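Input: a single structure, listed below in structure tokens.
Note that the structure is a prediction, hence the values are computed from the model and not measured. Reminder, nothing fancy here: chain letters follow the sequence lines and each chain counts from 1.
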There are 2 protein chains.
Amino acid sequence: MELSEGRLKFIEAWGKLGSEWGINRTMAQIHALLLISPEALTTEEIMEELTISRGNTNMNLRDLIGWGLVEKQHKSGERKEYFYADKDTWNIARQVAKERKKRELDPIIKLLNELSEVKGDDKDRNYKTFRSSVKDINKLAKNVNKTLETMLKAEESWFWGSIFKIFK
Amino acid sequence: MELSEGRLKFIEAWGKLGSEWGINRTMAQIHALLLISPEALTTEEIMEELTISRGNTNMNLRDLIGWGLVEKQHKSGERKEYFYADKDTWNIARQVAKERKKRELDPIIKLLNELSEVKGDDKDRNYKTFRSSVKDINKLAKNVNKTLETMLKAEESWFWGSIFKIFK
DNA sequence: TCAAAAGTTCAAAAATTACTGAAAGTTTAA
DNA sequence: TTAAACTTTCAGTAATTTTTGAACTTTTGA
């Protein structure tokens, strides 16, 4: 396979994966393009490479920056803004985990705690099942939360080393 | 909070979480409803509870069965089909992990292996960056894969026990 | 201070995804 | 073999999400 074909496939696959996980396809594609670009790119270059509009490019770049996956760069003597993606896979994974935890896991845990307080009749089977399901999901959510918190602090080598130790 | 309000909030939240993770909102809501229902429910009951059409209910139930999260039950002397959700959170987590691994991770690993074979000029910076990104993502994907495989085999207690051991 | 170049916004259009409802299919009991 | 009870399918419609593009704002150099 040629490089140009490989690049296209990579961008396409990253976009598909993103959309399967609730991330805008274009945002994932821009990220993919930046991941395989040695230099920071301008809005123009991204627009052209992916054949998308200026507005779309601008908004998705802003989102990527919001996710902490892309940074703006300025080259001295130039007005244009350049965009660069951190290429360290471990940082990317941590960043995504961190954002999704904040946006999704934290609110769900808050709700589950409220739902743990629901009052009802202990003879009511509906009530018993509700309580039990909420309790179990809450427990799982907290385990995941704790694991993520540790992962966010961890060094890559230490993390995988430890994982493999248990999964010997 | 009353049970009826809690049930509604739980169903709503589960649906929202699902849609954030690329799972059809209705499918997640049906799953939520079954999770808090002590008895298996009929299509009619689900339709009524969630105010959705018969066709929608039928298709999403089929998908839930395809994900291994719901099973059909037959009550003797009755023609109707009943639907029941496994309430063991660990089983649910494993089942979801298993399906997403099969549907998404496995194909991505296959592609990354192909992309590792892309030939090019070692002096070309685009080529070098491409190779390096593909290689790193491939490594991460394989680590995740290995961890999931172990998790799929594991007992819950053993799994969390071991996780907490490293995250002491 | 102005105008060119770049960046941002957002209403409208397009694309995608989900849902409905009625028709067709299937199963069972008599 | 018929018909009632139930399930499945899918074309058309609706809802949601994404994208465009043109107007608007900001920045900078002359």
>> Output the rounded distance in Å from NZ (Lys16(A)) to P (dT18(D)).
In response: 17 Å
> Within the side chain of Lys75(B), is there an N or O that forms a donor-acceptor pair under 3.5 Å with the backbone of Gln73(B)?
Replying inline: no
>> Does a side-chain N or O of Asn58(A) approach OP1 or OP2 of dT8(C) to a distance below 4.0 Å, or not?
In response: yes
>> Between P on dA6(C) and CE on Met47(A), what's the gap in Å once rounded to a whole number?
In response: 12 Å
>> Please list all pairs meeting side-chain hydrogen bond (donor to acceptor under 3.5 Å, both in side chains) that have one or both residues in residues 17-27 of chain B, counting only residues at least two apart or in different chains.
In response: Glu104(A)-Trp21(B)
> Salt bridge between Glu44(A) and Arg54(A), side-chain N to carboxylate O under 4.0 Å?
Replying inline: yes
>> For nucleotides 22-30 of chain D, give me one character per nucleotide, 5' to 3': B if any protein heavy atom sits under 4.0 Å from the base, S if the only such contacts are to the sugar-phosphate, - if neither.
In response: -----BB--
>> I need the CG-C1' distance between Asn60(B) and dT7(D), as an integer number of Å.
In response: 15 Å
> In whole angstroms, how far is the P atom of dT20(C) from the CG atom of Leu50(B)?
Replying inline: 10 Å
> Which comes earlier along DNA chain D counting from the 5' end, the contact point of Asn56(B) or that of Thr57(A), where each point is its nearest nucleotide?
Replying inline: Asn56(B)
> Can you name the side-chain contact (heavy atoms from CB on, under 4.5 Å) partners of Asn113(B), sequence neighbours left out?
Replying inline: Ile109(B), Asn138(B), Lys142(B)
>> Between Lys110(A) and Glu114(A), does any NZ, NE, NH1 or NH2 come within less than 4.0 Å of an OD or OE carboxylate oxygen?
In response: yes
> Which residue, Ser53(B) or Glu44(A), contacts DNA chain C at a nucleotide closer to its 5' end, judged by nearest heavy atom?
Replying inline: Glu44(A)
> So, are Glu99(A) and Lys102(A) salt-bridged, with charged N and O less than 4.0 Å apart?
Replying inline: yes
> Could you give the CG-to-P distance, from Asp63(B) to dT17(C), as a whole number of Å?
Replying inline: 15 Å
>> Can you measure Leu64(B) atom CG to dA18(C) atom C1' for me and round it to whole angstrom units?
In response: 15 Å
>> Between Lys153(B) and Glu149(B) (salt bridge meaning N to carboxylate O under 4.0 Å), is one present in this structure?
In response: no
>> Can you work out whether Phe83(A) or Asn24(B) has the more 5'-proximal nearest nucleotide on DNA chain C?
In response: Phe83(A)
> Is the shortest side-chain N/O distance from Thr43(A) to OP1 or OP2 of dA6(C) below 4.0 Å?
Replying inline: no
>> Rounding to an integer number of Å, can you tell me how far Trp21(A) CH2 sits from dT17(D) P?
In response: 19 Å
> Whole-Å distance between dT8(C) P and Leu61(A) CG?
Replying inline: 9 Å
